[in-house]
2 protein chains.
Amino acid sequence: MTANITPTDPGEKTLLERYNPDRFPRHSLAVDVAALSTFDGDLWALIIQRQSHPFREIMALPGGFIGLDESLGQAAARILDRETGLKNVFLEQLYTFGDPGRDPRTRIIAVAYYALIDWERMQHLKSQGHPMPLRLSVPWAGVSGGPVQILDQEGNLLPLAFDHAEILGMAVKRIRGKLDYVPIGFQLLPSCFSLRQLQEVHETILNQKLNKDSFRRRMLASGLLKATGELEEDVDHRPAELYRFTRKSAI
Amino acid sequence: MTANITPTDPGEKTLLERYNPDRFPRHSLAVDVAALSTFDGDLWALIIQRQSHPFREIMALPGGFIGLDESLGQAAARILDRETGLKNVFLEQLYTFGDPGRDPRTRIIAVAYYALIDWERMQHLKSQGHPMPLRLSVPWAGVSGGPVQILDQEGNLLPLAFDHAEILGMAVKRIRGKLDYVPIGFQLLPSCFSLRQLQEVHETILNQKLNKDSFRRRMLASGLLKATGELEEDVDHRPAELYRFTRKSAI
DNA sequence: AAAATAGTGTCTATGAGACACTATAGT
DNA sequence: ACTATAGTGTCTCATAGACACTATTTT
């Protein structure tokens with residue numbers, strides 16, 4: 001559009017140069033990351049123990065403030081890298097939590113992301129310090145949603161800081177719903193896997209047993225799996241063939 | 001947790017009182033609303049023509065800055081009310097757009113919401129001035145996603161300001177995906193409607209013809225429709241029975 | 001009566017679940 | 001040989017699509 005300069009319109013260029021962001025309220029913006037994995041029939045989340053107030057010593061999701069020149073996804077990847085040393089992780093925006101009062105310090109809006117990490121990588125976290133995977137307890141079925149709790153090694157419920165139980169719940173709800181039409185299961189497996197492993201991932205996410213025959217047929221008919229010809233090793237029964245995902249569909 | 005005060009820990013209360021939000025970068029946060037309706041076999045979106053720079057005179061979604069003490073959903077409802085006078089509208093968070101550079105003034109993060117409004121209400125907007133429904137042209141099938149264009153009365157493509165074509169595209173993708181498992185169709189209809197009207201809404205959203213028999217069976221089997229006993233009027237053929245949605249499932 | 005759509009009944013094709021059977025590893 | 005799981009073939013059942021038919025309004 002032509003920027004005609006008139007007495008009432010000083011022109012776009014001038015206005016942009018004169019623009020004062022402080023004419024409108026400014027907010028603190030953070031990213032929280034729900035990094036999920038599957039193991040032993042349960043979902044696990046990467047949790048840290050807070051070192052400072054508020055919620056000092058309480059369990060929380062990794063998070064941090066968003067820099068002025070990084071995109072939201074970059075901020076999430078940076079924070080996940082800082083906590084785990086992992087790069088190139090499946091990471092997707094989840095929801096933005098902005099209720100006034102969700103943080104007792106001041107109003108902080110959190111753009112939540114979720115990540116899917118296979119258990120093998122989850123075991124080799126760079127910073128062996130605070131972050132650790134903790135088992136989830138999902139107190140609802142299907143995709144009804146709601147907060148999700150975390151358990152310590154003895155199976156005791158641990159409280160979560162801020163609204164992080166809601167964020168985790170939203171992440172579980174999202175991947176349950178998404179699993180029906182997007183093959184995200186392989187994000188939680190090594191690059192080579194058996195159909196049984198894939199089925200166990202699905203069963204863990206959905207928290208329900210699936211029919212073996214029908215699951216095999218669906219997966220093989222999807223055209224997204226490629227047989228490698230290799231076989232499982234070190235199992236005390238007939239070894240299964242290993243498959244790879246053909247990542248033709250953009251994730 | 002007991003707030004033990006030690007030489008290295010001044011206590012939670014003190015820290016919260018001393019908290020300085022300016023220790024971290026602060027951002028401009030806005031809400032943009034994609035208000036959708038269906039009519040004449042197409043999706044329509046509520047569009048305004050910008051009165052000021054940047055993108056002066058270009059078409060855009062209604063939006064505004066988020067107040068310091070309102071929730072994100074409240075901000076979206078306030079802005080939709082300001083533009084349309086409509087209250088109690090189906091409104092749901094869509095995605096947060098935060099790429100640096102998406103707004104030429106300064107970095108502005110936009111939490112996008114989408115609304116579903118039945119065509120009847122769309123015709124009686126309070127402020128007869130700027131906001132108007134414009135027809136959408138969706139250049140992709142299914143839920144592949146991508147930007148969506150708007151058409152003027154003559155069917156010419158109009159440019160959209162900022163990343164609003166992407167926001168609209170995300171909204172269309174979302175409702176297409178959601179329609180398969182959540183009955184959102186009735187949000188685009190008056191409270192009483194025929195099965196044919198409902199099918200037309202589905203066909204418009206999905207942009208594909210549906211099988212009449214199977215659609216009827218699915219809808220009636222869902223248990224979400226209640227026959228009213230009333231019939232259509234002023235149609236030049238056998239009148240259809242009218243139904244209501246039983247909103248037992250929380251939307 | 002003609003036109004147009006509403007609504008019902010039935011056949012068929014497809015896909016999921018169930019089950020039986022064979023195959024192949026370790027012990 | 002025994003056990004455990006992999007993998008195949010087949011039957012059944014539920015649901016979607018197709019189609020034929022009847023019903024009810026306006027013109």
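Chain letters run A, B, ... following the sequence lines, proteins first, then strands; residues in each count from 1.
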Donor-acceptor pair, side chain of B:Glu241 and main chain of B:Gly229, under 3.5 angstrom
yes
Contact check, residues 191-206 of chain B vs DNA chain C, heavy-atom distance under 4.0 Å, returns B:Arg196
B:Thr204-B:Thr38 side chain donor-acceptor pair, cut-off 3.5 Å:
no
Of all residues at least two apart in sequence or in a different chain, which pass the ring-ring contact (aromatic ring centres under 6.0 Å, His included) check with B:Phe193?
B:Phe245
Which one of B:Glu203, B:His202, B:Arg196 satisfies the side chain to side chain donor-acceptor pair (under 3.5 Å) criterion with B:Gln199?
B:Glu203
Tell me which pairs pass ring-ring contact (aromatic ring centres under 6.0 Å, His included) where either residue lies in residues 138-160 of chain A, with sequence neighbours left out.
none
Quick one: ring-ring contact (aromatic ring centres under 6.0 Å, His included) partners of B:Phe97, sequence neighbours excluded?
B:Tyr95
Return the value, rounded to whole Å, for the distance between atom CD of B:Glu241 and atom C1' of C:dT8.
14 Å
Calculate the interatomic distance between B:Met219 atom CE and C:dG7 atom P; express it in whole Å.
15 Å
So, does B:Thr228 use its side chain to make a donor-acceptor pair with the main chain of B:Leu242 at under 3.5 Å?
yes
B:Arg216 CZ to C:dA6 C1', straight-line distance once rounded to whole Å:
6 Å
The ring-ring contact (aromatic ring centres under 6.0 Å, His included) partners of A:Trp119 (sequence neighbours excluded) come to A:Phe39, A:Trp44
Walk along nucleotides 18-27 of chain C from 5' to 3' and tag each nucleotide B, S or - by protein heavy-atom contact under 4.0 Å, base first, then sugar-phosphate.
SB---BBBS-
Would you kindly give the CG-to-C1' distance between B:Leu220 and D:dT15, to the nearest whole Å?
15 Å
